[in-house]
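Heads up, the thing below is written out as structure tokens.
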Amino acid sequence: MDFIRAMVTKDVADGLNGGRVHTRFPPEPNGYLHIGHAKAICIDFGTAEQFGGRCNLRMDDTNPSKEEVEYVDSIQEDVKWLGFNWFADVRYASDYFDACYAYAEALILAGRAFVCDLTPEQMRSHRGTLTEPGQESPFRTRSIAENLDLFRRMRAGEFPDGARVLRAKIDMTSPNIHLRDPVIYRNLRSSHHRTGDTWCLYPMYDYAHPIEDAMEGITHSLCTLEFEIHRPLYDWVLDQLPEFFVEWQRKTSGLPAGTPYARPRQTEFARLNLTYTIMSKRKLLELVKRNLVTGWNDPRMPTLSGMRRRGYTPAAIRTFCDKIGVTKYNSLTDVALLEHCLRDDLNRVALRYMAVLDPLKVVIENYPEGQVEEMDAVNNPEDAAAGSRKVPFTRELYVERADFMEDPPKKFFRLAPGREVRLRWGYLITCTGVEKDAAGQVTALRCTYDPATRGGNTPDGRKVQGTLHWVSASHGLDAEVRLYDRLFKVEQPGAVDGLDLAAELNPESLTVITAKIEPALAAVSPATPLQFERVGYFRADPATQPGRPVFNRTVTLRDSWAKAGAKKG
RNA sequence: UGCCCGGUGGUGUAAUGGUAGCACAACUGGUUUUGGUCCAGUUUGUCUUGGUUCGAAUCCAGGCCGGGCAGCCA
């Protein structure tokens, strides 16, 4: 059990908050959710779920200059896609702007906040350094009446942005810089996606967040490690005039009448880092803005929308989040674990089809011209309920170019002159000849088939080492296939300050090819996980159209043959 | 050289004073109409130095190493 579940278990056992567990997932709508958020979502919603509690989805929208409704919408879609349900309606920090403002006036009245006229530069110099204490602002001693008047005029829009701020009066000598009279309100002329131009000043995160949590009756406020040092300020806000929150929580939490007041408590865990992946929203936005990818939902992006389009399943992501655990240790998780969880789920659910990515023609000389046989093919060997389908077999077929070698090494179990292989669900064939063009490039294979081996069976019990996938030349269809590989070629992209992200991109992160697919593949929906046998897992792209199919490669199959080859080479 | 938080195989994570376990990765072998899946196995670890204790990954102290913090961002 991880330390958060241990803590909550104890809290429940101690009867804290009447045994109630209420968490929240509070993204800022300034970008799309990514796999790192999935971890937080699984912790926030998962903890509530496990203890029979609730979890709110709350947009932390206190900085309108960065936030957009497009993001608000995508966040909800992604959380739903992962399979989580939030309590009641989506919440917004902006729902509580009135309360934040009222509490600020109360703090002023209590002598615990003051309006400061220092410029940002002056404030920085007064703040001190990591090793030296700060200096008190000359405005710190303003009278309560003057502070109240000035703050109200800030709200009325009498001062330009940056002229004045409201600061908490705490301790300029604190070793924790966040306690050195932090700014809690600033003027910001920016139209808000929900409140429009009602406000020209907005609360800061450190001030607003504990209020938001208290307003919603949150018991456990779980967040990432970088907020650990902010916790004393979180506590300070809640503890100044605690009586204010009791009534507010009753009115805004949406909880049943009589629910006792809960004072939220913040606990921090380490965020997810993944090899070959960037998790910073700022850098992901940069990729989008510079057109280094096609958008937030580019299948190479670690965003949930990109992964969804690529063919990731919610189950795979949730299993992954479960396996990585929850600690305070700053770790770097191998992306191979994510891919393992993906393959594990896909192996169970993906429907098998045959598609030839790099076609090489095969002519079966003793197979009647014009004959078509409908072969039975199993849709999913891991799931009998998935049934079977028909695949047309004809005299001319395509096989994978890499499945033939003219002069193969001993352990090559595929096609070569004189060698026999099985065509999956088809027949056993033996290569009898090779056709080449003037340049010596192989253009076609001549083969013979054994009519006694229909379906790929060997009635005489003989062993065949290789089984190849294939597509009928006359029935196969062309399809665009997008072969995705990792977006970055370095294990820790973005780790070097000042280095251009573009320099770390994998130039082979996308290869577009035209493949030959079996006819049944023309009709599959983007909702269906697919396996192209012996090749990998694929997903129809949402942009796929009748007559113009497009497939995205989700992930390759494990390939111990390729691995053996790579080792020698 | 201030404050806060961390250090368990290559990676991630269990063990909360009592046999260092699991997963991924890697490597062997077996099965197989996907060189997939599955099965069996192998390799590899408690940062360090003291202390407490019958017994320490766990508790205490020092050291070393890593991360975070000086936005009117979240």
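The chains referred to below are lettered A, B, ... by the order of the sequence lines, with proteins before strands, and numbering in each begins at 1.
Phosphate proximity of B:G35 to A:R534: present, with a side-chain N or O under 4.0 Å from OP1 or OP2. Look at A:S560 and you'll find a side-chain N or O under 4.0 angstrom from OP1 or OP2 of B:G36. Residue A:S331 places at least one side-chain N or O under 4.0 Å from the OP1 or OP2 atom of B:U13. Under 4.0 angstrom from either OP1 or OP2 of B:U37 there lies at least one side-chain N or O belonging to A:R558.
Atoms CG (A:D334) and P (B:G12) sit 9 Å apart, rounded to a whole Å. Straight-line distance from the CZ atom of A:R124 to the P atom of B:C73: 12 Å, rounded to whole Å. In this structure, A:R348 atom CZ and B:U34 atom P are separated by 20 Å, rounded to whole Å.
Among the atoms of the strands shown, base atoms are found under 4.0 Å from some heavy atom of A:P381.
Looking at the side chain of A:E382, the nearest of the listed nucleotides B:U34, B:G36, B:A74 is B:G36. The side chain of A:I177 sits closest to B:C69 out of B:G36, B:C69, B:A74. Nearest to the side-chain atoms of A:K66 among the listed nucleotides B:G2, B:G35, B:C73 stands B:C73.
Comment: A:R462 engages A:E420 in a salt bridge, judged by a side-chain N to carboxylate O separation of less than 4.0 angstrom. In summary, A:D117 and A:R142 engage in a salt bridge, as defined by a charged side-chain N under 4.0 Å from a carboxylate O.
Comparing the same atom, C1', in B:A25 and in B:U31 gives a spacing of 23 Å after rounding to whole Å.
Of the residues near RNA chain B, A:M123 and A:F532, the one whose nearest nucleotide (by heavy atom distance) lies more toward the 5' end is A:F532.
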